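First the structure, in the form of structure tokens, and then the observations on it.
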Amino acid sequence: MSQIVVEPDSCKGCELCVNACPQQILGMTKKLNSKGYFYVEVAEPMRCIGCRLCCITCPDMAITMNVHGTMYHYFAY
Amino acid sequence: MSQIVVEPDSCKGCELCVNACPQQILGMTKKLNSKGYFYVEVAEPMRCIGCRLCCITCPDMAITMNVHGTMYHYFAY
Amino acid sequence: MAKKLMKGAEAIGEAAVQAGCHLFFGYPITPQNEIPEYLSSRMPQVGGAFVQAESEVASINMLYGAAGAGERVMTSSSSPGISLMAEGISYCAGAELPVVIVNIMRAGPGLGGILPSQADYFQTTKGMAHGDFRLLALAPWSIQEAADLVQDAFDLADYYRNPVMVVGDGLIGQMMEPVEFYEDRQPIKELPPKTWASTGWKRDRPKAIINSLFLDPAELERHNFHLKEKYDLMERDEVRFATYGAVDSADVVIIAYGTVARVCLSAIEALEQEGIKVAMVRPITLWPFPYKAVREVASKAKDILVVELSTGQMIEDVRLALHRPRPIHFHCRLGGMLVSPEEVIDKVKAIKAGTSEEVQHA
Amino acid sequence: MAKKLMKGAEAIGEAAVQAGCHLFFGYPITPQNEIPEYLSSRMPQVGGAFVQAESEVASINMLYGAAGAGERVMTSSSSPGISLMAEGISYCAGAELPVVIVNIMRAGPGLGGILPSQADYFQTTKGMAHGDFRLLALAPWSIQEAADLVQDAFDLADYYRNPVMVVGDGLIGQMMEPVEFYEDRQPIKELPPKTWASTGWKRDRPKAIINSLFLDPAELERHNFHLKEKYDLMERDEVRFATYGAVDSADVVIIAYGTVARVCLSAIEALEQEGIKVAMVRPITLWPFPYKAVREVASKAKDILVVELSTGQMIEDVRLALHRPRPIHFHCRLGGMLVSPEEVIDKVKAIKAGTSEEVQHA
Amino acid sequence: MQNDVIMAGFGGQGILLIGKMLAYAGMQDGKEVSWLPSYGPEMRGGTCNCTVVISDKPVGSPVIQNPGAVLAMNLPSLEKFEADVRPGGYLLINTSLIERACKRDDIRIIDVPANTIAQDLGNPRGANMVALGAYVGATGAVSMEQVEAVVRQTFAAKPSVIDVNLEALHKGYDLGREFAATASGGAAS
Amino acid sequence: MQNDVIMAGFGGQGILLIGKMLAYAGMQDGKEVSWLPSYGPEMRGGTCNCTVVISDKPVGSPVIQNPGAVLAMNLPSLEKFEADVRPGGYLLINTSLIERACKRDDIRIIDVPANTIAQDLGNPRGANMVALGAYVGATGAVSMEQVEAVVRQTFAAKPSVIDVNLEALHKGYDLGREFAATASGGAAS
Amino acid sequence: MPEAVFVRPDSLSDVSTHYCPGCTHGIIHRLVAEVIDELGIRDRTVGVAPVGCSVLAYNYFDCDFHEAAHGRAPAVATGIKRARPDLAVFSYQGDGDLASIGMAEIVHCANRGEKITVVFVNNAIYGMTGGQMAPTTMPGQVATTCQMGRDVDLVGHPIRVAELISTLRTPAFIARASSHSPLAAVNAKEMLRRAFTYQVEERCFSLVEVLSTCPTNWGLTPAESTEWLEKTMLPYYPLGVFKTPDGDDRAPLPRKP
Amino acid sequence: MPEAVFVRPDSLSDVSTHYCPGCTHGIIHRLVAEVIDELGIRDRTVGVAPVGCSVLAYNYFDCDFHEAAHGRAPAVATGIKRARPDLAVFSYQGDGDLASIGMAEIVHCANRGEKITVVFVNNAIYGMTGGQMAPTTMPGQVATTCQMGRDVDLVGHPIRVAELISTLRTPAFIARASSHSPLAAVNAKEMLRRAFTYQVEERCFSLVEVLSTCPTNWGLTPAESTEWLEKTMLPYYPLGVFKTPDGDDRAPLPRKP
Ligand SMILES: Cc1ncc(C[n+]2csc(CCOP(=O)(O)OP(=O)(O)O)c2C)c(N)n1
Ligand SMILES: Cc1ncc(C[n+]2csc(CCOP(=O)(O)OP(=O)(O)O)c2C)c(N)n1
Ligand code: SF4
Ligand code: SF4
Ligand code: SF4
Ligand code: SF4
Ligand code: SF4
Ligand code: SF4
Ligand SMILES: [Mg+2]
Ligand SMILES: [Mg+2]
């Protein structure tokens, strides 16, 4: 199972990941981070399919991913 | 009939015209011109077919051409 | 025209248009981007042309072409971009072309920073490029003066057939102040028609060749002496400066130009209130430098203080102005830091108190 | 090694190789083509690289790369080409890179001519480019000295981490004279390893960043002051000059550099035979200028004569050297014309006879 | 007489605009004025600020180290400039975005909940107008008449927003005047 | 003692080469030397020349306005330089290509039919060697021994031409020596 | 134990960039860093930063760096590589930097076949200086020096760098990729991997043009920027491989003699 | 009465050039002058001379002229044309001038679509400075800075300017001709006529690359030079029209996406 980790202070609130997520499970908080941006959060972590599209599209390395157990990689990256 | 006119002091003796003449009627003098070059002369003016290849190929405008009467132009130039 | 609140960069652009310059070639660089930006929409309005060149090297050579064709033309840039124009400016000087170049100086060397600086003083006044030539260099201290000097620059360039440079710092580029343009402005010089320009040869004048090449050294020597005579004339006729404060009885005379001089003027006024008499000579032409004015005012003052946003490049000219060794003090900020009135006040007080060190010279 | 008769350009090229410079980037320009030509075949012999750059702009930036990677590197050019390097040289100075640049000066401004000149004096010593920086500038007067100074240039560049320029005129480039290279040549400075160079970061030192950008003005100000300190050190430690003739009792002291000084020396010897005592100070470093030497020799002489292939650019430094106003005379040839010993002799006699006009100064 | 002020805040808060409007009003009042923006590295993403000088005499230095007033629209601006205010000068704090108070007691501190007021007026983008009004109200640096004229001119292309902005301006102005009235000779003395 | 000479002619006549050879021989003789070519606009198509200085002391000016000798290999060279020869100096004229005589009577004029001699030796490209020999013979500026060594070295890659060039050199040398012997104290005095 | 499958590459410093929110410079940085890591060349890599928004790249990559003069990164890279052929050298350049002022340097660097890698970030604008027109700005696109939109009749059409460079005869790897979507980024990484590999194998010069967004100067949100890139730029700047070192000549032939 | 059918064109000054014997710069000068005469634009033509052997072109053409800095003729021409669109402006440039130091200027001038005409004389060498390698020097060709012959592994292959420029999208007329034989010259003139005509019609930028000889620096006689050009240069530099203003796009497409 994949686990998405958002580092709030790295996020600039661009919402690119929100648009990229095929599961539509990312959304913006209503809180400002230390840089003054509304940052992203994972609304329904359980529905994450581990596609890493959010990670790949984030310009600011705000999202990293861990997996528990084996995972099928959709594409070499 | 075409008439080739060589201006000796304009000639730099490069011999390009000599090579260009289809009638092979141009040759180098054994005299030096004012610039210190052996210059070109028309050996057999009567055989000139008025093709202007010598004029066209001369980098130094040393050869000009006059025609008497009508002349067929081999190519537009 | 009525006074308008304008950004320096825009006032400079508008001044060019008002001076009849309908051609601008330039390349973006901070802190003067607003000049090309303004002119990119303004030039078409007056039937002129704005071209964003591929580089500063191209810009100056476009000026060379346009000026050679007899038209008024301007470019603007900031320090690194001006360095790239060095060869082209030397060509313009060699071919005696009237071009106007604006340098909104930023801190260097290299990429440096984008904040205000005056570290291009030597470049402007002395060795910008190879060969024996000079730029007439005008240094405004306000937006109004920037607008005025840009207009004068075109007249001077045309009159002398020489590149003229207007040098400001980032403040001149970025600041807004009220500006007035005068509708009936007349050229400050009598300008003959440009019969030397290459405008198509109709056999009514000698063939126009815009050129700086003279393969015959004797001819080039004559050309060099001709240019030198022109520069001598400029030195005689075009020196501009302003004086402030107690020029006849100053404890300290400040030499400063551009926005730094404004800061110094604030300081002078504050010092006056404390009874400390300070005068100032503000060079308006950096070249030709107001040697005589500096010498005269300095001769009546006890001490001399040079204030600059450079490590002291103008000190050499101040020293050259003086005919006998005099104590020179120096205050500077570098790298985009600005001089404050408070610093100048402190420095003047230190000079008076004898706690300021004189500038040493080899 | 035995003496070899070498063309100046080749001697300069070989000197670089002898100094351990295995990289040359340059662009052809008369009168120094023989430097790149020589090195195009010489560099591969020593396992180095010769690259004919697409322009002088590219050349100097290739130097920036190679020097940043810790290697000795050189370029050469002539006046217009040097102007094109202005921005890049400022970058090298800002990033504190040791590079060696040879300028075989030709007459300007613009395309000018290809014959000898010294009209790039200001460019070399003062305002070559934007920002506060200085070049250490060495001016040989013979081929042997050119070879020696080029080798020294590399040591000085490395020691100070600063661009060093070797300036000659067309004669230095084209002339042949005997040259000797010494096999056991040692660096003239103790040179620390280049731990600052970007050679791949193995985590055994701080990350190497070759850079002239400092967006924080306070940091850039510190950097500017750091550079200034370096230049102060050079002014203290690196002044080079030579004196000739009757330095203690001269009627006239000549200030001249490069091949012009040789011409003057011929004149001095001839004048000596006529009982006219002339001394000469020959600056070998144009920057730092030998102010003290000039002042001292000048203080003992009646008159001062500056001889130059420019309209008098060095006069400013001579004037700065003197602490009190002194009569300065001037002789020059321009545009590729050369000064002859006969002209110098005549000028000295005119000075003695009181028929030479002093240089006027604003 | 010289009034000088540094206005500072985030990039999007319209700081440079109200600075320009103030300078413009000063010019219309017949005063000498200068407006100087910060530019440079701090611009992108960070804060921006401008310095406005309004004076009876030609403006000396357009750079003011110790201004007579600072308008801090966000926290970083407060931290950067609070120490610089000239003793006896004004510090206007946008309390909507700044939670902490100022520690100085030698200056006149005006709390301006600019965003809150603007929000309340249904004009959330008008916080800068509120702040401008407060500055003018407190200092009287320029005439309100001219500021109003400038507002009308600035938004001439979008007449719909003129009134709401004037409203915000006045709310701020009242707040500033009130402070000036009650606190005059207050903290500073 | 200083010997200086300007050698001048057409581009293809090998002038720069004999100048270098002279300088080289001087160096091998233990003298100070300099060799300076003309470069510049006159080069292409036109004439070329070089100045060689051979001296006991370090060479002062490598540029000589009034040389002790001029070698004129063609007419333009004669016209350019004949007036410059120092009174009492040498003017070597390649009479094979130059028909007119020199008008000066304060210098020593040596007629050197260089091309004719070379042609006669079956070595038409050796005219420059004849001229070099004549200069050395007349002035003794360098030792013939060293000149010979330089010739050998110069043509080391083409041994076949060494002897013919040495022959040309000697023909010229003899001519020069003869002149020096007969005319010494001649025209110049 | 969870396995970290997506983490910051070693070659990317652990600092926040100065790039605007949504600016894809950040993505491209990460892709380059990942490739450097994967090839194991971090400790012999030297980068060259341009003048442009990525001028501070030296702060973001964890390797030695040079900051080059505007447009001259290919010359600087040439200097480094010729000095130290054992290093892996890449330049990272914007479109103003590479395609405007630096056109001569990139053409000649490519043509000499310098064994370096160029990462060319085409965002159709001058980002750093505040949105002036670039040589790559699209027809009709508004910029501060073409406030009515780029008028191709006055200033010409956008320059396609990959196409231009691929006509040079000297063997090279030339490709265009994009960064506007995750899948585009995956492809961009593949292109970058090939580009660096060709260098490491000492085969040839390589250049990857990567289309990028500039929400700030385009005046669009990051999401709108993505869309604009796709709709406007992609048709004009087709993605793909233009030239490989063993491919044939790509220069057009004359139409008639 | 004899009719003069081949005489010095009016636009060519009646002076002898400084070019070496057999140098085809002279032919190209005459062709340009003839075209100017034929189009009747002599009194509104302004030429721009480069730095190179043709630096003195202003002495040879009977019209107003600018002598430009090395490589910058296209920028100078841009300045003239923008200042005075009524003038017919042409630049005359060598291969070192245009293809080396001036690469950025020619690409951008062409890409802006400046309505000027460029006569580009490619003689595969730096003539004026004494025979250094040019970007157009042929593989194996000896030059003073590649004394063992051009080594393409070290310095790359020759640049084909007509091919490179014709990939730009901006409408233009781009052709390559030669001057090595009379018939080639006749064709070159045709190309030049079209190039100037497109300008006079205010249609587009035009550039004609003309292959030329440099007997002096090639170390060959003029006749041998002709032959060398034909055998060595022609196969690599094919003659013909590469681009016309109404032709389609000539940029190569990516091979695979
Ligand atoms: C010689 C010089 N000219 C101009 C500039 C100003 N300048 C800095 S970055 C830049 C353009 C940046 O655009 P681009 O290369 O597209 O990079 P981006 O910011 O879009 O990533 C310019 C013109 C400079 N620093 N130096
Ligand atoms: C800035 C600058 N760099 C270099 C030179 C020297 N230079 C003069 S002409 C030339 C090259 C000429 O070659 P090309 O353009 O091919 O013309 P050609 O002589 O072959 O006709 C060079 C490098 C110069 N004058 N200015
Ligand atoms: S890994 Fe895929 S599914 Fe999971 S949050 Fe990211 S984009 Fe959505
Ligand atoms: S892409 Fe990254 S920076 Fe943008 S919103 Fe998502 S996490 Fe934040
Ligand atoms: S016109 Fe033709 S045939 Fe007559 S001489 Fe010339 S080339 Fe020969
Ligand atoms: S082509 Fe011209 S220059 Fe050459 S030999 Fe013939 S006439 Fe003379
Ligand atoms: S200005 Fe544009 S390119 Fe630069 S960081 Fe911002 S979004 Fe990116
Ligand atoms: S050097 Fe070459 S290009 Fe120049 S004139 Fe001579 S032959 Fe022509
Ligand atoms: Mg960009
Ligand atoms: Mg050429």
Side-chain angles (χ1 to χ4, degrees), chain D residues 7 9-10 13 23-45 47-62 75-88 104 106-114 170 173-174, chain H residues 48-58 65-73 75-76 94-107 125-137 141-156 158-159 161 164 217:
Chain D
K7 214 171 185 186
E10 292 177 0
L23 294 160
F24 181 93
F25 304 94
Y27 189 76
I29 184 168
T30 309
Q32 61 79 56
N33 290 314
E34 294 84 353
I35 301 177
E37 287 169 1
Y38 179 82
L39 290 173
S40 72
S41 38
R42 186 77 175 98
M43 281 303 181
Q45 293 171 5
F50 163 88
V51 177
Q52 183 173 316
E54 58 271 31
S55 69
E56 293 85 354
V57 172
S59 305
I60 188 68
N61 286 287
M62 290 176 185
T75 190
S76 65
S77 189
S78 178
S79 311
I82 297 290
S83 291
L84 279 175
M85 295 186 195
E87 188 205 24
I104 302 296
R106 54 189 256 182
L111 191 49
I114 61 176
Q174 297 298 318
Chain H
V48 182
V51 183
C53 276
S54 46
V55 67
L56 296 175
Y58 51 77
F65 242 83
H66 285 227
E67 198 294 305
H70 192 32
R72 318 307 174 192
V76 173
D95 46 348
D97 192 76
L98 180 142
S100 188
I101 192 170
M103 180 56 84
E105 284 73 17
I106 192 64
V107 166
I125 200 89
Y126 283 25
M128 176 178 233
T129 40
Q132 294 82 14
M133 187 185 72
T136 47
T137 294
Q141 184 186 341
V142 168
T144 58
T145 50
C146 54
Q147 294 166 28
M148 311 294 285
R150 181 182 187 130
D151 179 348
V152 295
D153 288 338
L154 268 178
V155 302
I159 293 182
V161 168
L164 186 111
N217 287 302

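In what follows, every heavy atom counts, from backbone to side chain, and hydrogens, waters and symmetry copies are set aside. Predicted model, so just to flag it, every value in this text is computed and none were measured.
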For [X] and [Y], which heavy atoms make the closest approach, and how far apart are they?
X	Y	answer
Ala53(D)	Ser100(H)	O-OG, 4.3 Å
Leu111(D)	Val51(H)	CD2-CG2, 3.8 Å
Pro28(D)	Thr129(H)	CB-OG1, 4.2 Å
Met133(H)	Gln52(D)	O-NE2, 2.6 Å
Ile101(H)	Ser55(D)	CG1-CB, 3.3 Å

*Test ring-ring contact (aromatic ring centres under 6.0 Å, His included) applied to Tyr126(H) - qualifying residues, sequence neighbours left out*: Tyr27(D)
*Check ring-ring contact (aromatic ring centres under 6.0 Å, His included) between Tyr58(H) and all other residues, then give those that pass, not counting sequence neighbours.*
none
*So how far is it from Leu84(D) CG to His70(H) NE2, rounded to the nearest 0.5 Å?*
9.5 Å
*Hey, are the side chains of Glu54(D) and Pro135(H) touching, using non-hydrogen atoms and a 4.5 Å cut-off?*
no
_Glu37(D), part contacting chain H, at a heavy-atom distance under 4.5 Å_ = both
*Pick one of side chain, backbone, both or neither for Leu39(D), based on which atoms fall under 4.5 Å of a heavy atom in chain H.*
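Contact with chain H: none, neither part.
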